[in-house]
Amino acid sequence: QQAQSRLDEIIKRGILRVGMTGDYLPFTYLDKETKAFRGFDVDMAQSLGKALGVKVEFVPTSWPQMTRDFEADDFDIAMGGVSITFDRQKKGLFSTPIMREGKTPIARCADKGKFETIAEIDKPGTRIIVNPGGTNERFARAHVKTAEIRVFNDNTKIFDEIAKGDADLMMTDASETRYQQKLHPGVLCAVHPDKPFDFAEKAYWMQRDVALKAFVDQWLHIAREDGSYAKIYAAWFE
Ligand SMILES: O=C(O)C(=O)Cc1ccccc1
């Protein structure tokens, strides 16, 4: 029998292909030595795979390549801190949102008071650093006219650049600023993670198949109600 939908296809295949960048803790991190992905959305993907009764295969992608890889059908669903955007919505379907977000600065703690507003940030001499190809670079280009924007390819090393003083701040998702502040105590500070500059949400981005979307939303709803989402959240965010 021919597969009727992407959902049927995944179940027939016995494998859910999950696209991930592996550079964005606590959502997704690729360990270069073991070649294994880990993170909040890795555990969530395994939970989804279990609900579907299939194995999970992680497909490496990157923020600049994600849309092309999605359109080439390299994966069924992208997970790993993916923000909802209209551009992505035009090409696929998003699950119900998993987390509220927004862009906010992270800077050396000594400079925290200097970067409270866009106007304070967007001055000559401010060195902003962003990872390429995602909503961070887009936000910086849309709002910053005067300050320097440096695009730095390795998102996992950006925070060391700020700590060393080779850049002044990054504008990124509030959840990432909270996480990196915890990883660099007393060195890096999230500026106002509870009052970000904009509104965004994280969700799972999947191929345009309503049966698959219905399944993913149902699984998410149950994960929220039965405590499994809270357990995975606590393991990575708290
Ligand atoms: O969803 C996106 O396009 C992003 O840019 C998410 C993101 C946020 C912070 C670091 C890396 C990617």
Side-chain angles (χ1 to χ4, degrees), residues 3-85 87-99 101 131-138 153-158 172-173 175-176 201-220 223 229 232 235-236:
Q4 297 298 300
S5 69
R6 178 63 61 121
L7 177 64
D8 295 330
E9 200 182 308
I10 290 162
I11 291 166
K12 218 169 133 195
R13 203 199 283 143
I15 293 169
L16 176 71
R17 300 169 311 156
V18 178
M20 282 210 156
T21 62
D23 67 346
Y24 186 19
L25 273 168
F27 293 102
T28 167
Y29 184 76
L30 177 60
D31 189 317
K32 302 244 159 57
E33 254 132 60
T34 65
K35 300 264 189 290
F37 282 95
R38 55 192 196 83
F40 172 80
D41 277 329
V42 174
D43 293 352
M44 289 297 283
Q46 296 295 359
S47 165
L48 173 57
K50 206 169 152 202
L52 284 162
V54 302
K55 284 210 174 74
V56 174
E57 185 184 293
F58 293 105
V59 179
T61 183
S62 66
W63 297 104
Q65 285 287 342
M66 185 182 286
T67 297
R68 259 166 290 174
D69 293 349
F70 183 92
E71 289 184 289
D73 199 6
D74 289 349
F75 42 81
D76 305 303
I77 188 165
M79 301 175 78
V82 181
S83 299
I84 297 177
T85 67
D87 287 339
R88 290 175 181 148
Q89 180 74 49
K90 285 172 192 165
K91 298 173 193 294
L93 292 173
F94 279 102
S95 68
T96 54
I98 60 157
M99 224 172 269
E101 281 285 2
N131 58 306
T135 55
N136 288 341
E137 182 182 2
R138 204 180 61 195
N153 284 318
D154 187 350
N155 193 46
T156 64
K157 303 262 161 66
I158 279 187
T172 184
D173 292 318
S175 62
E176 186 174 44
E201 283 171 321
K202 300 292 189 198
Y204 301 131
W205 187 35
M206 69 201 99
Q207 300 291 342
R208 200 183 267 152
D209 180 277
V210 291
L212 178 59
K213 171 165 165 59
F215 191 98
V216 171
D217 286 345
Q218 186 73 63
W219 156 75
L220 259 180
Y229 175 93
I232 296 174
W236 290 100

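For reference, positions follow the sequence shown, starting with 1. The analysis underlying the following values was restricted to heavy atoms, covering all of them including side chains, and did not include hydrogens, waters or symmetry mates.
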Exercise. Under the salt bridge (Lys or Arg N to Asp or Glu O under 4.0 Å) test, which residues partner R13, sequence neighbours left out?
Worked result: E9, D76
Exercise. Can you name the residues that form a side-chain hydrogen bond (donor to acceptor under 3.5 Å, both in side chains) with T85, not counting sequence neighbours?
Worked result: none
Seminar exercise, completed: For F215, the ring pair (Phe, Tyr, Trp, His ring centres under 6.0 Å) test, sequence neighbours excluded, returns none
Exercise. Salt bridge (Lys or Arg N to Asp or Glu O under 4.0 Å) with K90: which residues, sequence neighbours excluded?
Worked result: D87
Problem set entry | Partner residues of E176 under the side-chain hydrogen bond (donor to acceptor under 3.5 Å, both in side chains) criterion, sequence neighbours left out | N155, T172
Problem set entry | Where at least one partner belongs to residues 66-75, residue pairs that pass salt bridge (charged side-chain N to carboxylate O under 4.0 Å, His left out), sequence neighbours excluded | R6-D73, R17-D73, E71-K91
Problem set entry | Residues in side-chain hydrogen bond (donor to acceptor under 3.5 Å, both in side chains) contact with T28, at least two apart in sequence or another chain | none
Problem set entry | Set of side-chain hydrogen bond (donor to acceptor under 3.5 Å, both in side chains) partners for S175, sequence neighbours left out | E101
For this session: Applying side chain to side chain contact (heavy atoms under 4.5 Å, CB included), name anything that partners A36, two or more places apart in sequence or on another chain.
Result: T34
With a cut-off of 3.5 Å and sequence neighbours excluded, list every side-chain donor-acceptor pair involving residues 18-25.
from: T21; atom 1: OG1; to: D23; atom 2: OD1; distance (Å): 2.7
from: T21; atom 1: OG1; to: W63; atom 2: NE1; distance (Å): 3.4
from: D23; atom 1: OD1; to: W63; atom 2: NE1; distance (Å): 2.9
from: D23; atom 1: OD2; to: W63; atom 2: NE1; distance (Å): 3.4
from: Y24; atom 1: OH; to: D173; atom 2: OD2; distance (Å): 2.8
from: Y24; atom 1: OH; to: K202; atom 2: NZ; distance (Å): 3.4

For this session: Can you sort out the partners of K50 under salt bridge (Lys or Arg N to Asp or Glu O under 4.0 Å), two or more places apart, ordered by chain and number?
Result: none
For this session: Sorted by first residue and then second, give each ring pair (Phe, Tyr, Trp, His ring centres under 6.0 Å) pair with at least one member in residues 32-51; sequence neighbours left out.
Result: F37-F58, F40-Y229, F40-F237
